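Worksheet for the structure shown next.
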Amino acid sequence: MDPAELAAQLLDVVRAEAAAAGADPESIVPEDVPVERPRDRDHGDWATSAALKLGKRIGRNPREFAQAIAEALASREGIAEASVAGPGFVNIRLEAAAAGALAARILEEGEHYGRGTLFDGVTINLEFVSANPTGPMHLGGARWAAVGDSLARVLDAQGALVTREYYFNDHGAQIDRFARSLVAAHRGEPTPEDGYGGSYILDIAARVEVDYPGDLDALPREQQQETFRELGVGLMFDEIKASLHEFGVDFDVYFHEDSLHESGKVQHAVDRLRELGHIFEADGATWLRTTDFGDDKDRVVIKSDGEGAYISGDLAYYLDKRERGFDRCLIILGADHHGYVQRMMAMCAAFGDTPHVNLEILIGQLVNLVREGEPVRMSKRAGTIVTMEDLVDAVGVDAARYALVRSPIDTSIDIDLDLLAKRTNDNPVFYVQYAHARTRAVARNAAEAGVDRSAFEPALLDHPTETALLGRLADYPRVALQAAELREPHRIARSLEELAGDYHRWYDACRVIPLGEEPIGDVHRTRLALNEATSQVLRNGLGLLGVAAPERM
RNA sequence: GCCCCCGUAGCUCAAUGGAUAGAGCAACGGCCUUCUAAUCCGUAGGUUGCAGGUUCGAAUCCUGCCGGGGGCGCCA
């Protein structure tokens with residue numbers, strides 16, 4: 001029996017009890033009768049706080065109500081025991097056979113176990129990273145790469161049609177500064193006041209010199225800068241793409257901001273908003289009346305010099321995404337951009353869309369670099385950045401991705417490269433990966449010893465570590481669903497760590513391959529199924545994180 | 001000044017409004033002639049920043065304060 005079946009039984013029972021108390025059974029919805037994993041395993045396999053939640057509503061004392069639920073539940077098939085505890089919790093213990101049957105189901109469903117239908121058929125555009133091509137990928141970008149890619153997988157597992165998109169900002173003043181820095185490097189001049197330092201500028205400048213077929217110094221200054229801009233941005237972008245690919249993150253669409261301006265999409269978006277009556281002219285500029293939609297001030301869309309303001313690109317980009325047919329547009333932004341959320345939502349509403357539904361912005365906190373306990377200020381311009389490549393070199397792709405995806409995005413995280421490089425064992429990714437490698441070792445040894453899966457007797461899976469392991473496996477689909485609902489892939493990682501712990505404890509207590517002269521029995525064959533089911537769920541979960549599930553370690 | 005995020009074990013961090021707040025690392029003590037000891041078992045470690053409030057129940061929600069980070073342009 002899995003939680004969904006138990007929940008159905010529970011709802012049935014609670015509705016009957018509610019009716020007996022004179023309440024309308026249909027007023028009781030599944031959300032009122034949660035099936036939870038008790039924190040303390042001694043309390044049972046599952047628990048519900050339904051009596052506490054509903055007691056007042058239907059006018060019954062919670063403990064008495066819980067007692068009635070427990071009694072009705074205990075007589076149901078597959079349930080070994082149901083009892084009342086504390087202020088009105090109902091603790092439920094399943095029969096071993098009912099709990100153990102899950103192992104067979106997981107093996108049947110294979111890589112589909114844990115997938116859901118929350119976003120069936122919904123088209124989602126997930127934009128993340130979108131770092132400016134003015135320098136290599138830094139730690140912050142690496143965090144969004146890890147989180148964004150994992151979130152895409154988590155949403156996909158709920159049936160969504162996800163497009164991973166990178167907004168490539170190749171238009172505007174920052175790019176100009178980048179180009180001027182390259183020119184300065186080329187000429188051996190010092191870095192311009194507002195330019196970018198760092199050795200990578202010298203590298204890129206040198207590569208532009210090699211790539212350019214003609215004589216750079218024969219070009220007029222303006223054209224020279226334009227050449228450095230075009231080639232330099234291209235090189236930088238290729239480098240970013242390569243780093244991301246190395247990191248296991250590939251995008252479906254790399255969207256160039258320049259194309260918005262060149263193709264008239266900015267004008268199209270402004271025209272559309274004008275039709276809707278949200279545009280006005282003042283002080284020689286064109287404005288969007290975002291204050292009608294909750295923004296604290298109106299925003300300039302077209303500056304008085306005729307150039308589009310930054311937001312004009314966002315307008316055009318958002319409209320373009322919607323016109324490409326995406327139901328939902330998700331954007332992961334760093335905390336340094338949180339000030340844009342309000343105006344972006346206002347913009348979304350101005351187009352007639354629903355903020356936080358058609359457009360959703362996830363604000364992630366920053367990654368701090370720490371060295372010997374002291375924070376190190378990272379600055380692209382000063383060249384004191386730690387790149388994604390540095391991180392990968394220090395700890396490897398799996399450990400890096402895992403470390404970045406294992407925390408909720410609204411907490412800032414500290415990365416100490418020296419620490420990670422020295423003591424890579426303190427990264428829990430190895431704990432989880434080791435559990436998977438162990439399942440494979442057991443499988444290999446079982447095959448050699450002649451333990452097969454010709455029998456499956458779930459009632460034999462009655463050891464406490466087996467009950468615990470099965471409960472965790474049963475809980476996995478709920479975690480996957482929750483990760484998608486809350487856009488929190490870190491929940492997958494945390495859950496896998498718990499699963500790995502349950503597996504290691506089971507491994508320690510229950511043998512798949514008999515010892516010595518002991519004959520192979522159905523208990524061993526059945527345990528092999530549990531081993532394979534655990535292996536499958538670990539693979540599925542690590543797959544959602546984009547972290548490898550090794551055969552050996 | 002206003003806005004957003006955070007404050008939990010020595011460290012890094014978890015925890016749908018639920019029961020005795022949990023993991024990993026670090027510390028200390030145990031288990032390998034047995035499917036991988038990167039495992040497992042045990043000990044120690046806490047006024048969940050502070051003060052109120054909401055309720056059967058608060059780390060979680062509300063208010064105020066303290067501390068840390070970030071943001072508030074016709075920059076991008």
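All values derive from a computational prediction rather than experimental measurement. Residue numbering restarts at 1 for every chain, and letters A, B, ... go by the order of the sequence lines.
- With sequence neighbours excluded, the residues that form a side chain to side chain contact (heavy atoms under 4.5 Å, CB included) with E281(A) are R274(A), I279(A), T286(A).
- The CD1 atom of I302(A) sits 14 Å away from the P atom of C74(B) (whole-angstrom rounding).
- Under the 3.5 Å distance criterion, the side-chain polar atoms of E488(A) are left unmatched by any main-chain donor or acceptor of Q482(A).
- A donor-acceptor pair is defined here as one N or O able to donate and one able to accept, closer than 3.5 Å; no such pair exists between the side chain of R143(A) and the backbone of S412(A).
- If you check every strand for non-hydrogen atoms under 4.0 Å, G339(A) touches sugar and phosphate atoms only.
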Give me the distances for all protein-to-nucleotides 54-61 of chain B N/O pairs that come in under 3.5 Å?
residue	atom	partner	partner atom	Å
C56(B)	OP1	K56(A)	NZ	2.1

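- Judged purely by atom type and a 3.5 angstrom limit, S259(A) has no side-chain atom pairing as donor or acceptor with the backbone of F255(A).
- Here the C1' atom of nucleotide A23(B) and the CZ atom of R406(A) are 8 Å apart, to the nearest Å.
- Not a single donor-acceptor pair, N or O on each side, falls under 3.5 Å between the base of G71(B) and the side chain of H338(A).
- Of the candidates G70(B), C75(B), C74(B), the closest approach to any side-chain atom of A173(A) belongs to C75(B).
- The same atom, C1', is picked in G70(B) and in A38(B); the two are 38 Å apart, to the nearest Å.
- Taking the salt bridge (Lys or Arg N to Asp or Glu O under 4.0 Å) definition, one finds that D320(A) meets it with K265(A), R324(A), sequence neighbours left out.
- Taking the P atom of each, U12(B) and G49(B) are spaced 15 Å apart, rounded to whole Å.
- When the P atom is used for both U43(B) and U48(B), the distance is 22 Å, rounded to whole Å.
- With sequence neighbours excluded, the residues forming a salt bridge (Lys or Arg N to Asp or Glu O under 4.0 Å) with D475(A) are R478(A), listed by chain and number.
- At least one side-chain nitrogen or oxygen of R491(A) sits closer than 4.0 Å to the OP1 or OP2 atom of U16(B).
- Residue H490(A) has its side chain nearest to A14(B) when only C40(B), G18(B), A14(B) are considered.
- A residue-by-residue look at E498(A) and Q482(A) shows that Q482(A) has its nearest nucleotide of RNA chain B further toward the 5' end.
- A donor-acceptor pair under 3.5 Å links the side-chain atoms of H436(A) to the main chain of P550(A), judged by distance alone.
- If you look at F237(A) and Y254(A), their ring centroids are closer than 6.0 Å.
- Applying the side chain to side chain contact (heavy atoms under 4.5 Å, CB included) rule to A400(A) yields the partners F247(A), L391(A), V395(A); only residues at least two apart in sequence or on another chain are considered.
- The separation of A44(B) from G22(B), taken at their C1' atoms, amounts to 16 Å, rounded to a whole angstrom.
- Atom CZ in R299(A) sits about 10 Å away from atom P in C72(B), given to the nearest Å.
- The base of C74(B) lies close enough to the side chain of S304(A) for a donor and an acceptor atom to sit less than 3.5 Å apart.
- E81(A) pairs by the salt bridge (Lys or Arg N to Asp or Glu O under 4.0 Å) definition with R93(A), not counting sequence neighbours.
- Rounded to an integer number of Å, the gap from R63(A) CZ to A19(B) C1' is 12 Å.
- Contact check for N169(A) versus T134(A): no side-chain heavy atoms found under the 4.5 Å cut-off.
- For R63(A), there are no side-chain hydrogen bond (donor to acceptor under 3.5 Å, both in side chains) partners, not counting sequence neighbours.
- A gap of 26 Å separates the C1' atoms of C61(B) and A23(B), to the nearest Å.
- Separating the CD1 atom of I492(A) from the C1' atom of A14(B) is a distance of 15 Å, rounded to the nearest angstrom.
- Within 4.0 Å of N91(A), counting heavy atoms only, lies at least one base atom of the nucleic acid.
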Secondary structure of RNA chain B in dot-bracket form (Watson-Crick or G-U wobble, distances below 3.5 Å, | marking inter-strand pairs): (((((((..((((....[...)))).((((.........)))).....(((((..]....))))))))))))....

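- D283(A) comes within 4.0 angstrom of a nucleotide base, judged by non-hydrogen atoms across all strands.
- For S49(A), the side-chain hydrogen bond (donor to acceptor under 3.5 Å, both in side chains) partners at least two apart in sequence or on another chain are K53(A).
- Taking 4.0 angstrom as the limit, K297(A) places none of its side-chain polar atoms (N or O) nearer than this to OP1 or OP2 of G73(B).
- Residues that satisfy the salt bridge (Lys or Arg N to Asp or Glu O under 4.0 Å) test with D398(A), not counting sequence neighbours, are absent from this structure.
- Legend: residues meeting side chain to side chain contact (heavy atoms under 4.5 Å, CB included) with E64(A), ordered by chain and number and at least two apart, are N61(A).
- Taking the C1' atom of each, C65(B) and A9(B) are spaced 26 Å apart, rounded to whole Å.
- Listed candidates were C74(B), C13(B), C75(B). Nearest to the side chain of R494(A) is C13(B).
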What string of B, S and - do you get for nucleotides 32-37 of chain B, 5' to 3', if B is base contact, S is sugar-phosphate-only contact and - is no contact with any protein heavy atom under 4.0 Å? --BBBS

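- Within the nucleic acid shown, A285(A) comes within 4.0 Å of at least one base atom, counting heavy atoms only.
- With both ends at atom C1', the span from C66(B) to A27(B) equals 32 Å, rounded to whole Å.
- Residue contacts shown for L486(A) are absent, as no nucleic acid heavy atom lies under 4.0 Å away.
- With its glycosidic angle more than 90° from 0, C61(B) is assigned anti.
- Nearest-nucleotide mapping onto RNA chain B: of P34(A) and D336(A), the residue sitting toward the 5' end is P34(A).
- Stacking between Y431(A) and A38(B) is absent: the ring centroid is not both under 5.5 Å from the six-membered base ring centre and under 30° in plane angle.
- Closest contact between the side chain of D410(A) and the listed nucleotides C74(B), C5(B), A14(B) involves C5(B).
- One can place CD of E36(A) at 16 Å from P of G22(B), the figure rounded to the nearest angstrom.
- For the C1' atoms, the distance linking U54(B) with G17(B) amounts to 12 Å, nearest Å.
- Between T411(A) and A14(B) there is a side-chain polar atom (N or O) within less than 4.0 angstrom of OP1 or OP2.
- Put simply, CH2 on W46(A) is 17 Å from P on A19(B), counting in whole angstrom units.
- The distance between atom CG of L499(A) and atom P of G22(B), rounded to the nearest whole Å, is 20 Å.
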